[in-house]
Amino acid sequence: MSHLVNKKIVLGISGGIAAYKCAELVRRLKDHGCEVKVVMTESAKHFITPLTMQAVSGEIVSDSLLDPSAEAAMGHIEFAKWADLILVAPATSNIIAKMAAGIADDLLTTLLLATPAKVAIAPAMNQQMYAHAATQANLTTLKARNIAIWGPGKGEQACGDVGAGRMLEPHELVSLCTTDVEPLLLAGKTITITAGPTREALDPVRFISNHSSGKMGYALAQEAISLGAKVNLISGPVTLKAPSGVNLVNIESAEQLLQQALTHATQSDAFIGCAAVADYRAANIAEQKMKKQGDELTLTLVKNPDVIAAVANLSEKRPYTVGFAAETQNVAQYAKGKLVNKNLDMICANDVSNSDVGFNSDNNALTLYWHNQERELALNSKAALALDVMKELAKRL
Ligand code: PMT
């Protein structure tokens, strides 16, 4: 399976003759399972129509920064954060110069300044323009900012000149997306991830649960897959679609989670407990729907097994074990306590007192703790944080 599966790519098309190759490029990226959104500059539309790009991408093509309906659907900052990669192809000398100068005078150049994602450009222009000192200086500036420069190729050009300046072919660009976007840091590794809430039944129609949406755990699964890992995703009841390629195992209660966790953990290199597991369950589950009885109801709850502690204390085939700590106060102190008491290798703490992060939000902020080290991951999308967590994990496997 391509590790581009589910990767979110913004293809920025600027105005060069090579733009005609972009339909093929989008088709090939989609064949690899990418989600592709196309942004065109005004001049690009002279070389290939937005309708063609809409037909091949299956998405409305964006071309304006000042279009209220497009902004209402997905604002340009949200758009910039959506991407895992922005690829500008073809990249003309003009857009290269604007990028080097930090100019943001249309949608594409604005996205390029606003994105935290990896950016790559595929230069395409006349060989004389490519060789010009101004273009070369601009490319040096972009390289210093970690922007990947893919190509150009050499050969006969549309204008009749021969030399360097041809945009790389679509298959070459797809292959660079595959190998250059993220090295397969977790290739050959198996990772088991728990996600979502547990449900502890009270009777056939009622349960105790919590607000976990599964977004954080599913983002971890997605990023692990894209870094080449084999992933078991043990999930409580959520409404999310599992990332393609994961082995999805559905559970409801903490006891079911424990059973699945122990089955998969011993065959995994790492185990990540992101599920919000109920600490208690009903001592007795009523066989029939409970009837209303007076003004008060007392439930007797008993302690659930601690799933992650059971994994972390395996005496054989113990995986590298990562917990999450959802805290509303004394975040560092409680998280570090769980790291030690549950015998974990690493814990990711989130402050869930803030409703903009943690449970159910698309964003989060984490502090990662090891026994002798810590790292802050500032507020970001759960996808971006998940990638950082996976990269930290990869260093330790
Ligand atoms: O799902 P989202 O809406 O995206 O929200 C993400 C999240 C807030 C749920 C997630 O980031 C998170 O913090 N998950 C852990 C929630 C939790 O149960 O934290 P805790 O501090 O109560 O538990 C500490 C660790 O022990 C966790 O790894 C938990 O999975 C594990 N645990 C807890 C109790 C139990 N009986 N068994 C466990 O394995």
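Numbering of ligands and ligand atoms starts at 1, following listing order.
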Side chains of Lys241 and Tyr218: does their closest heavy-atom pair fall under 4.5 Å? no
Does CG in Asn146 sit with more than 12 non-hydrogen atoms of other residues, nucleotides or ligands closer than 6.0 Å? no
Is there a heavy atom in Ala325 that sits closer than 4.0 Å to ligand 1? yes
Please determine whether side chain to side chain donor-acceptor pair (under 3.5 Å) holds for the pair Asn363 and Asn380, giving the CA-CA distance in whole Å, both sets of side-chain angles, and the decisive distance to 0.1 Å. CA-CA 5 Å; Asn363 299 320; Asn380 211 331; over 6 Å; no
Examine ligand 1 and decide if any of its atoms is less than 4.0 Å from a heavy atom belonging to Cys274. yes
Answer yes or no for Ala254: is there a heavy-atom contact with ligand 1 below 4.0 Å? no
Could an N or O of ligand 1 be found under 3.5 Å from any N or O of Phe324, whether backbone or side chain? yes
Those residues that, when tested against Asn341, pass side-chain contact (heavy atoms from CB on, under 4.5 Å) (two or more places apart): none
Selected option - heavy-atom contact closest to atom 29 (C) of ligand 1, from Gly358, Ala275, Ala195: Ala275
Does any N/O atom on Asn304 come nearer than 3.5 Å to any N/O atom on ligand 1? no
So, does Lys382 sit close enough to ligand 1 that a heavy atom of it is under 4.0 Å from the ligand? yes
Please classify the Val277 to ligand 1 contact at 4.0 Å (heavy-atom distances, strictly less than): side chain, backbone, both or neither. both
Would you kindly say whether Thr109 and Asp106 are connected by a side-chain donor-acceptor distance under 3.5 Å? yes
Within this structure, what is the CG-CE distance for the pair Asp388 and Met390, rounded to the nearest 0.5 Å? 11.0 Å
Considering the options Ile191, Asn232, Ile308, which one meets the side chain to side chain contact (heavy atoms under 4.5 Å, CB included) requirement together with Phe271? Ile308
Could you tell me which atoms of ligand 1, counted from 1 in the order shown, lie closer than 4.0 angstrom to a heavy atom of Lys215? 1 (O), 2 (P), 4 (O)
Pairs of nitrogen or oxygen atoms closer than 3.5 Å, one from Val352 and one from ligand 1: do any exist? no
For Gly323, atoms of ligand 1 separated by under 4.0 Å from a heavy atom: 28 (O)
With respect to Met216, determine whether any N or O atom, backbone or side chain, lies less than 3.5 Å from an N or O atom of ligand 1. yes
May I ask you to check whether over 12 heavy atoms, not counting those of Asn284, lie within 6.0 Å of atom CG? no
Nearest-0.5 Å distance that lies between atom CG in Asp84 and atom CD in Glu35: 9.0 Å
Just to be sure I'm reading this right: ignoring hydrogens, which of Asn350, Leu240, Leu257 gets closest to atom 11 (O) of ligand 1? Compare them by their nearest heavy atoms. Asn350
Consider every N or O of Thr194 and every N or O of ligand 1, then say whether any pair is closer than 3.5 Å. no
Could you check which of Gly337, Ser212, Ala261 puts a non-hydrogen atom nearest to atom 1 (O) of ligand 1? Ser212
So is Pro305 touching ligand 1 or not, going by heavy atoms under 4.0 Å? yes
Nitrogen or oxygen atoms of Ala309 and ligand 1 under 3.5 Å apart: no
Check His371, Arg396, Arg318 against Asp345 for a side chain to side chain donor-acceptor pair (under 3.5 Å) and give me the one that passes. Arg318
Show the atoms of ligand 1 that are less than 4.0 angstrom away from any heavy atom in Asn360. 2 (P), 3 (O)
Ignoring hydrogens, just give me the one of Lys338, His211, Lys342 whose non-hydrogen atom is nearest atom 22 (O) of ligand 1. Lys338
If you measure only the distance, is there a donor-acceptor pair under 3.5 Å linking the side chains of Glu296 and Thr298? no
